[in-house]
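Below: one structure, written as structure tokens.
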Amino acid sequence: MLMAIRERVMGLVGWLLLGALFIAFAFFGLNSYFTSNAKTYAADVNGVEITIPEYQRAYQQMRNRMQNLMGEAYNPAMLDEQALKKSALQEIIREQLLLQQADADGYAVSKQLVAAQINAVPAFKDDSGKFSVEKYRQVLQLQGMAPAEFEWRLSRELMANQIINGIVQTAGVSRQDLEKIYRLQTQQRRFSYLELPVAQFASRVEVSDSDIEQYYAAHASDFMTPERVRIQYIELKADELQVTGEADDEVLRALYNEHAERYVTPEERRARHILISLPPDAGEEAVQKARAKAESILARLEKGESFEKLAKEASDDPGSAGKGGDLGFFGRGLMTPEFETAAFALEKGGRSAIIRSPFGFHIIEVTDIKPQVTRPFEEVRDELVKEYHAQERNDLFYEKSETLANKAFEQPDTLQGAADALGLEVQTSDWLTRAGGTGIGQNEMVVGAVFRNEVLETGNNSEPIELGDNHLMVLRILEHEAANKQPLESVRDKVLAGVRAMKARDLTRARGDGMLKELKSGTPLAEIAKAQGLEVKSPGLLGRNAAEPAKTIITEAFLLPSVTGREASTAGFILDSGDYVLLVLDEIKDGDISSLSEADQMKARQELSRIQGDAEVAAFTNELKKRATIIIPEQQSD
């Protein structure tokens with residue numbers, strides 16, 4: 001299948017990197033809340049359901065990435081929320097398809113690889129830059145995720161990435177393709193152009209009452225008041241719940257014993273090694289040769305030669321050889337089983353015999369040992385008290401969340417019953433539109449829930465909405481105003497400006513098209529410009545990414561065909577501003593890859609191979625999607 005895909009892949013296709021780890025949220029009693037036709041999942045991919053919380057988190061993460069990318073220019077009102085939601089859902093669907101394919105192909109991820117990835121995460125390291133089991137658990141706890149779940153999700157991500165990396169790393173670009181792409185990508189063009197400003201025609205526009213009425217009718221959507229709502233809502237937050245339970249030592253010691261491993265810093269070893277590399281599938285002759293080399297090095301060590309000197313001289317490990325073979329401190333689960341067994345069997349200063357691993361033959365020497373350290377109960381008692389109360393709040397939160405869901409369902413036309421049962425206040429928002437609003441209207445999860453059909457059209461309470469960790473909301477519509485067409489008299493000035501702009505644009509286009517006919521008939525551009533009192537601009541040879549003139553002008557220049565015979569290659573078009581541009585292509589100069597050094601040519605080829613690999617990944621996932629059975633309830637209800 002992949003070979004067929006590679007033959008069809010065309011163009012530059014981006015790939016959204018897999019990496020989001022989704023936190024599932026569910027609580028007992030929620031199922032009873034949904035009506036019989038409620039959507040209990042966001043999508044079904046070959047029988048595997050993608051939950052609504054998963055989808056909502058992916059959507060939030062995509063919004064956050066966009067906000068980080070745009071910085072101060074970020075404006076939620078300018079976002080196409082529906083397009084963003086569809087993109088988030090498609091991203092999860094692609095991930096699920098890749099995971100299913102990895103399962104089908106028998107891919108697997110070792111525990112050692114998962115451990116190495118976790119150890120490399122900066123958020124899990126202490127102030128000294130070393131992996132901290134305690135911090136690892138604390139960070140995950142704040143995310144509402146157990147280590148087992150995180151490690152499972154990470155292993156699934158790594159497994160899916162094996163497919164992606166396999167495609168990307170085997171993609172290639174031929175020398176001919178490289179030359180062709182470089183020739184076109186670095187092509188330069190020389191052209192001349194003039195601009196006919198729409199402002200010249202603004203004063204010539206005549207507008208009648210009939211023009212205004214016709215424009216108002218034809219552009220009705222431009223003169224609508226936005227649909228808007230006011231809502232009532234109640235919020236349930238775990239961190240605002242009051243708990244009164246006393247944490248006595250018996251309870252705290254039980255909690256301490258239950259999570260004893262959290263307070264243990266496992267033993268670590270610092271070792272150095274000399275590696276004689278050997279492929280796993282090496283033949284007997286190569287094995288004997290490598291072993292003989294390792295034995296000769298071991299003999300030299302036993303005679304008193306410096307380990308550090310021999311590592312620098314003979315080790316095939318590029319990462320440690322320059323440091324005398326030093327690997328730093330490491331715990332269990334990071335090295336290959338053979339290496340780990342040998343290293344943890346040695347005393348400080350001890351040296352191993354020759355050890356074979358999948359990487360070759362090792363000689364290991366332990367230079368330091370950090371023994372296992374257990375923090376005593378007395379030292380962590382304050383932490384245990386906080387944890388005890390946090391758990392009490394969580395337990396109380398889940399109990400109250402069930403009450404919230406049930407009460408809101410049992411009394412679908414009011415929130416007061418749920419508020420009274422939980423001791424909460426029914427709050428009221430300002431007006432919200434689909435673009436959001438002030439206060440609670442700035443939360444896109446709220447806005448999304450408000451305008452869902454089951455809330456907006458039925459007038460019933462919403463399902464509980466997860467706004468954050470242990471933070472729920474239920475809302476209902478208090479007032480709803482549909483979008484309405486504004487009276488003509490109230491928007492007459494706006495309509496008049498629209499008519500004038502449209503007519504001026506039409507006059508500009510008519511004059512410009514007439515000039516284009518003159519140009520095509522053989523009248524020089526300079527002569528046309530002189531007759532119109534305009535200036536011909538010739539910016540010289542330009543590449544595709546030139547900063548000036550306007551991007552539209554450069555794009556149109558690069559779309560023109562080559563000059564053939566006596567006939568000029570010309571174009572006439574309207575800019576977004578309404579100005580008309582008349583353009584003549586004068587010269588095309590192709591890029592020449594031979595002007596690059598060998599090193600730069602190699603970099604260009606690698607970059608194109610990466611782009612080709614990304615395109616093949618996208619094509620591969622599209623093929624998986626075509627073959628899959630995908631159900632999206634939202635689409636079925638449209």
Side-chain angles (χ1 to χ4, degrees), residues 180 182-212 214-216 218-219 222 492-592 595:
K180 179 180 179 181
Y182 187 83
R183 183 172 66 250
L184 294 175
Q185 189 64 33
T186 61
Q187 185 183 90
Q188 293 180 300
R189 294 194 170 199
R190 189 190 306 276
F191 55 88
S192 303
Y193 70 98
L194 59 79
E195 293 181 81
L196 179 64
V198 67
Q200 286 189 3
F201 300 90
S203 61
R204 306 179 193 180
V205 170
E206 296 182 358
V207 180
S208 67
D209 288 344
S210 176
D211 291 331
I212 291 176
Q214 289 178 15
Y215 186 91
Y216 174 69
H219 298 82
D222 293 342
R492 189 177 185 86
D493 290 344
K494 185 177 178 181
V495 175
L496 179 60
V499 174
R500 288 188 178 279
M502 181 182 70
K503 287 200 166 192
R505 190 183 183 95
D506 290 343
L507 290 174
T508 306
R509 183 185 293 278
R511 175 65 60 84
D513 287 347
M515 294 160 56
L516 180 60
K517 288 182 180 179
E518 291 183 51
L519 187 63
K520 288 184 177 294
S521 67
T523 305
L525 183 64
E527 188 174 321
I528 295 173
K530 183 177 181 181
Q532 299 295 326
L534 302 173
E535 175 189 0
V536 174
K537 300 177 182 178
S538 300
L541 277 171
L542 297 176
R544 297 176 186 272
N545 298 319
E548 294 181 346
K551 185 64 178 177
T552 303
I553 296 175
I554 294 174
T555 299
E556 291 289 341
F558 275 87
L559 289 174
L560 285 173
S562 303
V563 180
T564 56
R566 295 183 178 180
E567 185 176 348
S569 188
T570 61
F573 50 91
I574 287 277
L575 298 177
D576 291 340
S577 63
D579 296 346
Y580 190 97
V581 175
L582 196 59
L583 186 149
V584 178
L585 178 62
D586 299 320
E587 179 187 356
I588 296 177
K589 182 180 180 181
D590 288 335
D592 183 5
S595 63

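- Counting only heavy atoms from C-beta outward, the side chains of L582 and L516 approach each other to under 4.5 Å.
- A distance-only check finds no donor-acceptor pair linking the side chain of S192 to the backbone of V584 [under 3.5 Å].
- Between the side chains of Q200 and R511, no donor N or O sits under 3.5 Å from an acceptor N or O.
- Checked by atom type and distance alone, the side chain of D590 never pairs as donor or acceptor with a backbone atom of Q187 at under 3.5 Å.
- Residues passing the side-chain contact (heavy atoms from CB on, under 4.5 Å) test with M502, sequence neighbours excluded: Y215, D506.
- Although no hydrogens or angles enter the test, the distance criterion places a donor-acceptor pair under 3.5 Å between the side chain of R189 and the main chain of L560.
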Start with the C-alpha gap between R500 and D211, add the side-chain angles, then the distance that decides, and say whether salt bridge (Lys or Arg N to Asp or Glu O under 4.0 Å) holds. CA-CA 10 Å; R500 288 188 178 279; D211 291 331; over 6 Å; no

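- R544 places a side-chain heavy atom less than 4.5 Å from the side chain of L184.
- Here Q188 pairs with L541, K589 under the side-chain contact (heavy atoms from CB on, under 4.5 Å) rule; sequence neighbours left out.
- Nearest heavy-atom pair across L534 and P197 is CD2-CD, 4.0 Å.
- Expressed to the nearest 0.5 Å, how far OG1 of T508 lies from NZ of K503 amounts to 13.5 Å.
- Inspection of the D576 and T552 side chains reveals no N or O donor paired with an N or O acceptor under 3.5 Å.
- The CD atom of Q532 lies 8.5 Å from the CG atom of L194; values are rounded to the nearest 0.5 Å.
- For the residue pair A557 and L583, the shortest heavy atom distance occurs at CB-CD1, 4.1 Å.
- For the residue pair A529 and V536, the shortest heavy atom distance occurs at CB-CG2, 3.5 Å.
- E518 places none of its side-chain heavy atoms less than 4.5 Å from the side chain of E527.
- Nearest heavy atom pair, residue P549 against residue L542, reads CD-CD1, 3.7 Å.
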Take R505 and I574 through the side-chain contact (heavy atoms from CB on, under 4.5 Å) test and state the conclusion after the steps. CA-CA 8 Å; R505 190 183 183 95; I574 287 277; 2.9 Å; yes

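- Closest non-hydrogen pair, P539 versus Y193, comes out as CD-CE2, 4.1 Å.
- Put simply, CD1 on I588 and CZ on F558 are 8.5 Å apart, with the number rounded to the nearest 0.5 Å.
- Counting heavy atoms from C-beta outward, V499 and Y216 have side chains that stay 4.5 Å or more apart.
- Taking a 6.0 Å sphere around NZ of K551, one finds it holds more than 12 heavy atoms contributed by other residues, nucleotides or ligands.
- Looking only at side-chain heavy atoms (C-beta outward), L575 and I553 come within less than 4.5 Å of each other.
- Here the CG atom belonging to L196 is positioned 7.5 Å from the CG atom belonging to D579, to the nearest 0.5 angstrom.
- Closest approach of I212 to L496, counting heavy atoms only: CD1-CD1, 4.2 Å.
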